Amino acid sequence: MSSEMLPVNEVAWQKKWADENLFKANLTGDKPKFYCLEMYPYPSGKMHMGHVRNYSIGDAVARYKRMMGFEVLYPMGFDSFGMPAENAAMSEGGHPHDITERNMASITQQIKRMGFSYDWSRTLKSHDPRYYKWNQWFFTKFFESGLAKREFAPVNWCESCNTVLANEQVKAGRCWRCNGPVEQKGMSQWFIDLPYYAQELLDGLESIKFPEHVKSLQRDWLGRSEGADITFQVVDSDLSFEVFTTRPDTLFGATFVTLAPEHPLSHQLVEGTEFETDWKALHDEVVNMSEFDRIKNMNKKKGFFSGRYAVHPLTGEQVPIWFGNFVIATYGTGGVMAVPAHDERDHDFAKMYEIPIKRVLVMSEGADADAPMNAAEVDDGWMVNSDLEGFDGLYGQEARDAVCNALESKSLGMRRVNWKIRPWLVSRQRYWGTPIPIIHCDTCGPVPVPEQDLPVELPRDVVFGQGNPLETSETFIHAPCPKCGGKGRRETDTMDTFMDSSWYFLRYTDALNDDACFEKPLADQWMNVDFYCGGIEHAQMHLIYARFMTKALRDLGLTSVDEPFKELLCQGMVNKSAPYCASCSVTHTVDRAGSPCPHCNQPLTERSAKMSKSTGNTVSPEAMIELYGADTVRLFILFAANPTAGMDWSDAALEANHRVMLQLQAMPEQLSQWKGEASSMDAWLVTRFKKRVHEFTDAMETYDLRRAVELSHYEIIKDINWYVRRGGENPDVAAGILPQWAQMISISTPHLAEEWWMELPERSESFAASSYLQSPQLVSDEEHLILAGEQYIRDFLEQARKVQNIAERHLGGSAASATVVLSPSWKREMARSALNFIHEGGHPKQFVPILAQMPMAQGERKGEMMGFWGKKMLPQVFKWDDESRQVILSSLDEKEVLEAASTFIASDLGLESVIVVEGESEDDTTERARSAMPLSPAIVYA
RNA sequence: GCCGGGGUACCCGAGUGGUCAAAGGGGGUGGAUUCAAGCUCCUCUGCAUAUUGCUUCGCAGGUUCGAAUCCUGCCCCCGGCACCA
């Protein structure tokens, strides 16, 4: 009984594993390597279900690979720099360092309670100077190579976080952390040249196994577009500017050009003219508008004429220069050629301000070049109305090439690939991050701190809450210039914490090295990460920065690795139902359950929603471990859904899984109490189990963890139940399957596996966790037949039960006996020749003449048989699975099998007797042979 | 608007041409066990039915001897990007 069973002492097993250093990776051994990694967590004080799911997946993979003979590197660490600790320090007092250390200690303990097989000896934390020293070292190298630069530029500023943000950290005009509005500010900031690797980042996506949607996300973010820069001279001046276009084929239709009001030339163009006031107004409006408001006002196109004209590079015509609020200063060149006939925005703009619209493409070959235009026609088309010879009639890419060639020969344009991705703004006006290792000197400018002076450590004498904290540290800011020795001032900005997480996976390969960031041979041998698991929320920040960094470090000569992660798995959300208003489409907090919707007063329903503190639908892992143990929580979380799918938390399902755990816990003892003899069923269970091991490894190889767990924790129990039902009770057989079974359950419920393992009379290793799973062998043909015979009985019983229900209604009471009518031999013969025919590539339709030639079809029943083929046998031939087909073609004798099992069948169906007869034979008095088919006999109850 | 992923029974969720009325789990149902509840085990869980037939995998068509699966069009959901020239 479950209540009498002692729970598994999980903590004791965890201690034993740790004492034995079981999971410490030996990076210089000769086993094949496997690097398994989860995205390292930010150390908030508490582990949440998302963590549990993430690590349960990773741990299952790590344990599996270890079992399969790989040396597995499976480390854990903390992304411990960042604003939450700093904000906590400000609101609650204390120091970010102490808060972080405290939180780390508490979450570490919770993670360890789950029994994950991490190599804790190489734990890293990004706020450790031994780690961030290398951030600084990389930065100085980037500075020297020009990859890191300080620039004055309009940047994203979040007022409430009091810092600048990278483009990637602005979501719909709002801060990714606090959701506050983001404004544009001109500031001098540090940038890293992400676009330098844009093409490689794009191409690299082809060679790595990332989920399709992550790749698509990254492609969007990189934003490659092919086009041309085209030069326009300003009339009556030496000035010229360039526009970027992806549609050079529409150049002849450019009836004006539009510049962003912030375009560097814009002020000069209007300075001292009547247009200056208008320009200033538009400029100020655009500059001061937060990106959020800008998106909101996206459709309100506004602009005005600058009073100046530009020269069309091919026709020499003069086209007016306009300013428009819809032109983005930082994309392309900050100016566009406006082709109202073939661009929707330009079309709207031209209509609004009555600028001529000139058709230069037609959408079907030879169409009317002067057809009126009611809307912009933006697709590729055939050139018309070109003002120069040699262009009309060209289409698409050919047209674009022709225009580009003409421009390039006049040096007024150039093909160019433009990227949406912009340099990575890495400086932050916050304290809790890596200090940027630069000293500003009045004579030498920004000078990197020399390697021997690294790390530049964070000072403790800072004041929080008054701007950039580092500026308040007197001990920090003053430093002599490393170059000239003169008076210098330290850079007070720190690095974006995404810098920390961009290379930590490399550091793990050599985490304790204080002389180098990592040894190249080690990193080369162990990279890339074979299996990387984490949340989708990092798809375009962390995963782009990390890929970038890997390439940048490679080019510093530190590794030979191109990509950090070979395969990425994004685990799904952990959800739980929460009150929901269907008519408002709003999820409410859990305390609203039972009351009506506060907006529309309708009763609330339930809907599954992401677990979150604000909704209140969270479940504490600690509480669940307390109740059921870590193994049960892990089993539930792996079994509830596929790793990538969203899963719903269900207390009922968790309990159900706990029952399975209890059942399994009792299993070795239960099996050891078997007292039976060897029986014909033994071979079946042994074979069946062999097949299960095979299926298990197949599932694990594709990271189909749900299926793997289903096999190890559910299917095998069912198999054993069947074996027992059929009279099997051989203790030797049980003892034979137990070791491998223990290994199978160890990937998801490792503590229970050790309990089993400990009881084994002969153990190859002291722990299940350190044992090797023998590679499964394929099931032989002979063994197939054993399985097939039993499968036949199971299928037969299922069918028999169905029929029995109906039959007993007819009989008006319980049936006492059954006559099993096997299919007549001619049906088997027909099936066999049809299967052979199709197997050899024959088309099912062509079997008819062959059947007509067969000896058995020559008698008076020919018509019946031909009809039977078309109506019954043809569909059935395809319904049989491969196994059934093999069985039909094999020597399996249905009669023999059923007769051997007839006692069992009778008792299982609650009958006194079961008789098996061959259909249409002398013994068959039932006249039911008509409905019997091979493998599917008719059953007559009486 | 563009890009990507989806829509399977009461719910979650397998399933990429025949093995499919459709795995597995949850829930429900009936039964065994029990003084009783829980636990555990078993049956059933689209409709009808002497073993078979009918209807069903977002909707509508098509290809095929055969479609949840392939093709075409449409609808809806989720995620991302978006005045990107």
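Labels below follow one simple rule: chain letters A, B, ... track the order of the sequence lines, proteins then strands, and each chain is numbered from 1. Quick caveat: nothing in here was measured; it's all calculated off a predicted structure.
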Problem - Distance, rounded to the nearest Å, where Asn167(A) contributes CG and G80(B) contributes P - result: 17 Å

Practice task
Determine: side-chain N/O of Lys718(A) to OP1/OP2 of G25(B), distance under 4.0 Å, yes or no.
Solution key: yes

Practice task
Quickly work out the Gln804(A) CD to A50(B) C1' distance and round it to whole Å.
Solution key: 12 Å

Completion exercise
When Tyr941(A) and Asp704(A) are each assigned the nearest nucleotide of RNA chain B, the 5'-most assignment goes to Asp704(A)

Exercise for the section: May I ask you to say whether Arg726(A) pairs ionically with Glu790(A), meaning some side-chain N is under 4.0 Å from a carboxylate O? Expected result: yes

Problem - Rounded distance (Å) that lies between atom C1' of U19(B) and atom CD1 of Ile838(A) - result: 14 Å

Handout entry: Nucleotide of A50(B), C84(B), G25(B) approaching Val940(A) most closely (side-chain heavy atoms)
Key = A50(B)

Handout entry: N or O in side chain of Gln663(A) less than 4.0 angstrom from C41(B) OP1/OP2
Key = yes

Handout entry: Residue Ser931(A), side-chain atoms from C-beta onward, closest of U52(B), A50(B), A85(B)
Key = U52(B)

Exercise for the section: Would you mind pulling out the nucleotide paired to A22(B), Watson-Crick or G-U wobble, both distances under 3.5 Å? Expected result: none

Handout entry: Minimum-distance nucleotide (side-chain atoms of Ser216(A) versus G4(B), A23(B), U51(B))
Key = G4(B)

Exercise for the section: Would you mind classifying the nucleic acid contact of Phe639(A) as base, sugar-phosphate or nothing, using non-hydrogen atoms under 4.0 angstrom? Expected result: sugar-phosphate

Handout entry: Lys420(A), NZ atom: more than 12 neighbouring heavy atoms under 6.0 Å
Key = yes

Practice task
Please give the nucleotide sitting opposite C2(B) as a Watson-Crick or G-U wobble pair, both distances under 3.5 Å, or none.
Solution key: G80(B)

Exercise for the section: Send over the distance from Asp220(A) CG to C2(B) C1', rounded to a whole Å. Expected result: 8 Å

Practice task
Could you tell me whether the phosphate oxygens of C84(B), OP1 or OP2, come under 4.0 Å of any side-chain nitrogen or oxygen in Arg345(A)?
Solution key: yes

Exercise for the section: Check for a donor-acceptor pair, side chain of His342(A) on one end and backbone N or O of Glu377(A) on the other, with a separation under 3.5 Å. Expected result: yes

Handout entry: Spacing of the C1' atoms in U8(B) and C20(B) (rounded, Å)
Key = 12 Å

Practice task
Under a 3.5 Å limit for both distances, which nucleotide forms a Watson-Crick or G-U wobble pair with C54(B), could you say?
Solution key: G46(B)

Practice task
Would you classify Arg706(A) as touching base, sugar-phosphate or nothing, given that sugar-phosphate means primed atoms plus P, OP1 and OP2, and contacts are heavy atoms under 4.0 Å?
Solution key: base

Problem - Pairwise P distance for G27(B) and C12(B), with rounding to whole Å - result: 15 Å

Handout entry: Span that lies between the P atom of U16(B) and that of U69(B), in whole angstrom
Key = 12 Å

Handout entry: Short side-chain to backbone donor-acceptor contact, Tyr941(A) and Ala800(A), under 3.5 Å
Key = yes

Practice task
Look at all strands and tell whether Lys872(A) reaches a base, only sugar-phosphate, or nothing, counting heavy atoms closer than 4.0 Å.
Solution key: sugar-phosphate

Problem - Whole-angstrom distance between C41(B) and A21(B), as gauged at atom C1' - result: 26 Å

Problem - Closest nucleotide among C81(B), G4(B), U49(B) to the Ile806(A) side chain - result: U49(B)

Exercise for the section: Nearest whole angstrom, please: distance from the C1' of G1(B) to the NE2 of His347(A). Expected result: 17 Å

Practice task
Would you mind classifying the nucleic acid contact of Ala807(A) as base, sugar-phosphate or nothing, using non-hydrogen atoms under 4.0 angstrom?
Solution key: base

Exercise for the section: Quick one: label Ile939(A) by what it contacts on the DNA or RNA (base, sugar-phosphate, nothing), any heavy atom closer than 4.0 Å. Expected result: base

Exercise for the section: With P as the reference atom in both, quote the distance from G79(B) to G28(B) in angstrom, rounded to an integer. Expected result: 31 Å

Problem - Euclidean distance, atom CG of residue Asn657(A) to atom P of C12(B) [Å, nearest integer] - result: 18 Å

Handout entry: Per Leu874(A) side chain, nearest of listed nucleotides C65(B), C81(B), U51(B)
Key = C65(B)

Exercise for the section: Decide yes or no on ring pair (Phe, Tyr, Trp, His ring centres under 6.0 Å) for Phe349(A) and Phe326(A), but give the supporting numbers first. Expected result: CA-CA 10 Å; Phe349(A) 198 82; Phe326(A) 63 93; 5.2 Å; yes

Handout entry: Pair Asp698(A) + Arg707(A): basic N to acidic O under 4.0 Å
Key = no

Practice task
Between G15(B) and A60(B), how far apart are the C1' atoms? Round to whole Å, please.
Solution key: 24 Å

Problem - Atom C1', compared across C42(B) and G4(B): separation rounded to whole Å - result: 46 Å

Practice task
Please measure how far the P atom in A67(B) lies from the corresponding atom in G61(B), and state the result in whole Å.
Solution key: 14 Å

Practice task
Determine the contact category for His213(A): base if any of its heavy atoms lies under 4.0 Å from a base atom, sugar-phosphate if only primed atoms, P, OP1 or OP2 are that close, otherwise nothing.
Solution key: sugar-phosphate

Practice task
For A85(B), take OP1 and OP2 only and decide whether either is under 4.0 Å from a side-chain N or O of Tyr331(A).
Solution key: yes

Practice task
With heavy atoms under 4.0 Å as the rule, sort Arg928(A) into base, sugar-phosphate or nothing.
Solution key: base

Exercise for the section: May I have the distance from Glu242(A) (atom CD) to A85(B) (atom C1'), rounded to whole angstrom? Expected result: 15 Å

Problem - Met352(A) atom CE, over 12 foreign heavy atoms within 6.0 Å - result: yes

Practice task
Let me see the working for Val286(A) and Glu262(A) under side-chain contact (heavy atoms from CB on, under 4.5 Å), right down to the final yes or no.
Solution key: CA-CA 8 Å; Val286(A) 168; Glu262(A) 312 101 296; 3.5 Å; yes

Exercise for the section: Could you tell me the separation between the CE atom of Met933(A) and the P atom of G53(B), rounded to a whole number of Å? Expected result: 10 Å

Handout entry: 5'-most by nearest nucleotide on RNA chain B - Val660(A) or Thr644(A)
Key = Thr644(A)

